[in-house]
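Each ligand, and each atom within it, is numbered from 1 in the order the structure gives. Computed from a predicted structure; not experimentally measured.
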Amino acid sequence: DKGEYRHFMLKEIHEQPRVIKATMEGRVTASRVLEQALGTDAENLLDHVRHVQIIACGTSYHAGLVARYWIEEVAGLPCSVEVASEFRYRKHVIQPDTLFLCISQSGETADTLAALRQAKQAGFRAALAICNVPGSSLVRESDLVIMTQAGPEIGVASTKAFTTQLTSLLIFTLALARHNGLSEEKESEIVQALHLVPGQVNDVLSLDGEIEELARGFMDKNHTLFLGRGSLYPVALEGALKLKEISYIHAEAYPAGELKHGPLALVDSEMPVVTVAPNNDLVEKLKSNLEEVRARGGELFVFADREAGVASEDSLHAMQLPPVHEITAPIVYTVPLQLLSYHVAVLKGTDVDQPRNLAKSVTVE
Ligand code: M6R
């Protein structure tokens with residue numbers, strides 16, 4: 001039931017504050033992660049993990065790419081991420097002390113399951129599933145499970161599944177980090193930041209009308225470029241995927257630092273450039289990337305921390321977001337990009353919940 005909403009996608013976008021909270025419930029206190037909530041054997045298993053291999057497809061793969069930043073930054077362990085359909089068809093080396101982590105909303109994605117089954121033969125320490133469907137094949141075949149509490153996701157374009165995957169991945173990262181020297185102080189800082197996320201997502205949702213206005217700038221365009229840096233690069237990838245899936249506008253995402261290495265050649269007034277820019281160490285670098293785009297007549301749409309000092313002018317449309325902790329920024333910054341693609345699709349009159357050629361769950365290869 002869509003309730004008051006015109007589409008399931010919009011309803012699911014608006015459910016995010018609640019489902020992110022539900023995903024934290026019973027897994028974190030005010031300042032700590034409750035490791036036992038990840039499974040009775042979690043403590044013992046996590047103690048031996050020296051490397052994390054993440055496997056997923058589509059949006060879930062993007063969640064994995066964010067998690068890599070977290071795992072290396074917060075837990076200090078090496079992490080590799082690969083799309084399942086690539087992983088399963090190449091010869092791979094899995095260290096015995098690897099945690100094999102599959103991320104899947106449905107838990108029935110054929111390539112992800114095949115990768116897990118193959119890896120089992122190669123041997124690894126343990127398999128962790130981050131999944132939204134209880135009793136799915138992925139859940140049944142894994143040693144540890146973190147269920148995202150997103151509830152059923154009907155829209156083919158994944159929204160609340162993604163942000164609850166990120167929430168789960170951050171909780172997992174903290175549990176793992178504890179075994180690798182994370183101080184109580186740092187853990188508490190990040191957990192407190194996580195508690196602020198539902199409210200921050202709510203703030204972003206209240207920008208809906210403004211984002212709808214921005215969406216008009218995309219209606220008659222054929223190409224767009226999404227830029228991000230650090231853990232916001234996967235958010236740019238996810239933003240581009242959403243836009244192409246439901247509005248059928250060609251969208252590409254690049255780490256902002258790659259601009260000069262090729263994509264800048266494409267930038268002109270017909271190619272809007274969308275950028276996500278929280279207030280971290282990279283924002284100054286990002287600003288110089290933005291100048292490069294403007295110098296070529298490109299129109300910029302910047303979603304930035306209101307303290308980052310990016311103001312609207314001529315060809316720059318700045319959307320001010322609430323200040324967020326650097327670690328939780330990918331969760332919050334995903335939401336305006338979801339709203340943007342939603343409104344572009346509605347303006348274009350496409351079938352938002354059921355985009356052409358796509359299925360909700362890809363159970364064949
Ligand atoms: O169920 P899964 O998370 O394994 O699905 C993976 C992808 O098929 C899925 O995320 C797909 O990319 C979505 N349509 C993205 O919106």
Under 4.0 Å from a heavy atom of Ser60: which atoms of ligand 1 are those, numbered in the order shown and with their elements?
2 (P), 3 (O), 10 (O)
From the options Arg88, Arg90, Arg68, select the one residue that forms a salt bridge (charged side-chain N to carboxylate O under 4.0 Å, His left out) with Glu82.
Arg90
Quick test: of every protein heavy atom, which one is nearest to atom 7 (C) of ligand 1, and how far off is it to 0.1 Å?
Cys57 O, 3.7 Å
Any carboxylate oxygen within less than 4.0 angstrom of a Lys/Arg side-chain nitrogen, looking at Glu153 and Lys160?
no
N/O separation below 3.5 Å, Lys360 to ligand 1:
no
Does some non-hydrogen atom of Leu358 fall short of 4.0 Å from ligand 1?
no
What part of Glu245 sits under 4.0 Å from ligand 1 if we count only heavy atoms: the side chain, the backbone, both or neither?
side chain
Which label fits Phe301 and Phe218: parallel for a plane angle under 30°, tilted from 30 to 60°, or perpendicular past 60°?
tilted
Any donor-acceptor pair under 3.5 Å from Thr23 side chain to Thr148 backbone:
no
Phe87 and Phe100 aromatic ring geometry - parallel, tilted or perpendicular at 30°/60° bounds:
tilted
Atom 8 (O) of ligand 1: nearest protein contact (heavy atom, Å):
Val362 CG2, 4.0 Å
What protein heavy atom is closest to atom 1 (O) of ligand 1, reported as residue, atom name and distance in Å?
Ser106 OG, 2.7 Å
For Val156 and Ala359, which heavy atoms make the closest approach, and how far apart are they?
CG1-O, 4.0 Å
Looking only at protein heavy atoms, which one is nearest to atom 4 (O) of ligand 1, and how far off is it?
Thr109 OG1, 2.4 Å
Crowding at CD, Gln320 (>12 non-hydrogen neighbours, <6.0 Å)
yes
Which bit of Thr59 gets closer than 4.0 Å to ligand 1, counting heavy atoms only: side chain, backbone, both or neither?
both
Ala157: heavy atom below 4.0 Å from ligand 1, yes or no?
yes
Which ligand 1 atoms, with their elements, are less than 4.0 angstrom from a heavy-atom of Ser104?
1 (O), 2 (P), 3 (O), 4 (O)
For His325 and Glu189, does a side-chain donor sit closer than 3.5 Å to a side-chain acceptor?
yes
Show which atoms of ligand 1 fall inside a sub-4.0 Å distance from at least one heavy-atom site of Lys242.
15 (C), 16 (O)
